[in-house]
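Beneath this line is the structure, given in C-alpha cells, with notes to follow.
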Amino acid sequence: MKKTELGDIQWVHCNKCLRETRHEVVTIRELKESEDIEPDFTIDWITTNTMLECRGCGNVALRRRVVSDDVDVDNTNYYPPPISRQIPRWQYKLPKDMSDLLKESYVALQSGSKRLAIMGARSLVDLFMNSTLGDIGGFEHKLDGLVKNGNLSKQNRDVLEAALEAGHAVVHRGHEPKADDVNLVFDIVENMLQTMVLQKESTELKKRTPQRTKSNKPDAGDGK
C-alpha cells in the first residue's frame with residue numbers, strides 16, 4: 001500500500017456531502033507503541049492519525065489506522081463514523097423533549113447502534129401520541145385516536161404502524177434491523193414530526209399574510 005503523504009488526494013466518505021468525495025490529507029501523526037505480554041514476547045503496533053479535509057465542503061474527518069505485524073492487526077476507523085443521513089434542520093422547532101430525544105436517537109444512529117436508534121424512534125412516536133392525545137392506552141388505541149382526531153390519515157396510520165412494529169421487534173424480540181430498515185423508520189417518524197412543525201408554521205404564515213379585500217367590481221372574465 002502506498003504511504004500516505006501530506007497533500008495526497010483520497011476518496012473518502014464525507015458526512016456533510018453524504019457521499020464519497022475527494023479529500024486532501026492535511027495532517028499526519030504517527031505513534032509507535034509496544035507492550036510486554038510475556039517475559040519473552042512483546043507486541044509492537046503503529047497508530048497513524050490522518051486528518052482529511054473534503055475538497056467540496058471543507059468538512060474534516062479523522063482516520064485512525066492501527067497496524068501490528070506481531071498479532072496480524074490492521075484496523076481502520078473514522079471519527080466521526082460515516083453516516084448516511086443528517087438530523088433535519090427543523091428539529092429545533094420541535095418541543096424541547098422531542099428535539100432532545102431526536103438528537104439522542106441520531107447519536108445512536110451515527111455511532112452504528114441501530115437497535116438503540118430504533119428504540120429512540122419508537123419513543124418519539126409514543127411521546128408524540130401522548131402530547132397529542134394524552135396517555136389513553138396502548139399504541140393501537142392511540143393510532144385510532146390520531147386518525148379520529150384528524151392528526152393522521154388512514155394511509156399514514158398504516159405507515160406509522162409499520163415503524164412501531166419495527167420498534168416492538170427490537171425491544172421485545174431482539175430483532176437486529178438492517179441499515180435500510182432503520183433509515184425507513186426514521187423517514188416515517190420524521191415525516192410525522194415535520195407535519196406537526198408545518199401545522200404550527202402554516203398557522204403563523206396565515207397570520208402574517210395580508211388578507212384579500214372583497215371587491216364589488218365584476219371579474220374581468222365574467223363577461224359583464
Side-chain angles (χ1 to χ4, degrees), residues 1-31 46-67 73-125 128 156 159-160 162-163 166-167 170 176-198 200-201:
M1 180 182 293
K2 178 181 177 294
K3 183 177 177 62
T4 299
E5 298 180 354
L6 286 177
D8 282 354
I9 301 298
Q10 301 179 357
W11 286 91
V12 178
H13 179 86
C14 174
N15 278 352
K16 191 171 183 180
C17 299
L18 295 180
R19 55 187 172 83
E20 281 198 355
T21 61
R22 288 160 54 87
H23 281 63
E24 180 181 352
V25 176
V26 294
T27 303
I28 303 174
R29 293 291 185 270
E30 189 174 274
L31 178 63
I46 299 175
T47 301
T48 304
N49 293 304
T50 305
M51 185 172 290
L52 301 143
E53 182 180 22
C54 176
R55 293 292 296 273
C57 69
N59 191 55
V60 174
L62 177 68
R63 180 175 63 206
R64 177 168 294 170
R65 184 185 180 200
V66 180
V67 177
V73 168
D74 189 344
N75 295 328
T76 300
N77 293 291
Y78 287 86
Y79 302 91
I83 61 174
S84 59
R85 65 189 296 144
Q86 294 175 333
I87 190 168
R89 294 181 180 180
W90 45 260
Q91 56 83 19
Y92 69 91
K93 298 179 181 179
L94 293 168
K96 188 177 185 305
D97 52 355
M98 292 186 187
S99 178
D100 289 346
L101 184 52
L102 183 61
K103 291 175 186 176
E104 291 175 15
S105 300
Y106 262 84
V107 170
L109 181 64
Q110 294 171 355
S111 66
S113 303
K114 296 191 293 293
R115 291 179 180 176
L116 288 178
I118 287 286
M119 291 178 189
R122 176 180 180 269
S123 297
L124 275 166
V125 175
F128 172 80
N156 286 344
V159 172
L160 189 56
V170 168
E176 184 173 358
K178 297 179 180 179
D180 287 346
D181 293 337
V182 175
N183 277 317
L184 179 58
V185 168
F186 270 76
D187 285 342
I188 294 170
V189 173
E190 287 174 8
N191 180 66
M192 174 194 72
L193 296 177
Q194 189 178 24
T195 298
M196 180 176 66
V197 171
L198 291 175
K200 180 180 178 181
E201 290 191 335

How many angstroms lie between atom CD1 of Ile118 and atom CG of Asp181, to the nearest 0.5 angstrom?
->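 The distance works out to 7.5 Å.
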Straight-line distance of Thr27 OG1 to Leu6 CG, nearest 0.5 Å |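 One finds 7.0 Å between OG1 of Thr27 and CG of Leu6.
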Nearest heavy-atom pair of [X] and [Y]: which atoms, and what distance?
X: Asn15; Y: Pro82; value: OD1-CA, 3.3 Å
X: Asp8; Y: Glu5; value: OD2-N, 2.8 Å
X: Ser99; Y: Gln91; value: OG-OE1, 2.7 Å

Residue pairs involving residues 75-99 (criterion ring-ring contact (aromatic ring centres under 6.0 Å, His included); sequence neighbours excluded) |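 Checked against ring-ring contact (aromatic ring centres under 6.0 Å, His included) - neighbours excluded - no pair reaches residues 75-99.
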Ignoring hydrogens and angles, write down the donor-acceptor pairs under 3.5 Å from the side chains of residues 184-196, residues two or more places apart or on other chains.
| from | atom 1 | to | atom 2 | distance (Å) |
| --- | --- | --- | --- | --- |
| Asp187 | OD1 | Arg85 | NH1 | 3.1 |
| Asp187 | OD1 | Arg85 | NH2 | 3.0 |
| Glu190 | OE1 | Arg85 | NH2 | 3.0 |
| Glu190 | OE2 | Tyr106 | OH | 2.5 |
| Thr195 | OG1 | Asn191 | O | 2.8 |

Test item: Arg115 and Pro177 side chains (from C-beta on) under 4.5 Å apart, heavy atoms |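 Result yes, sub-4.5 Å side-chain heavy-atom pair found.
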Answer whether the closest heavy-atom distance between the side chains of Arg22 and Trp11 falls below 4.5 Å.
->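 In short, these two side chains touch, coming nearer than 4.5 Å.
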Residue of the set Asp74, Asn75, Asn77 for which side-chain hydrogen bond (donor to acceptor under 3.5 Å, both in side chains) holds with Arg65 =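 Among Asp74, Asn75, Asn77, the one that satisfies the side-chain hydrogen bond (donor to acceptor under 3.5 Å, both in side chains) with Arg65 is Asp74.
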If you look only at distance, which donor and acceptor atoms sit under 3.5 Å apart when one is on a side chain in residues 46-63 and the other is two or more places apart or in another chain?
| from | atom 1 | to | atom 2 | distance (Å) |
| --- | --- | --- | --- | --- |
| Asn49 | OD1 | Arg64 | NE | 2.7 |
| Arg63 | NH1 | Gln10 | OE1 | 2.7 |
| Arg63 | NH2 | Gln10 | OE1 | 3.0 |

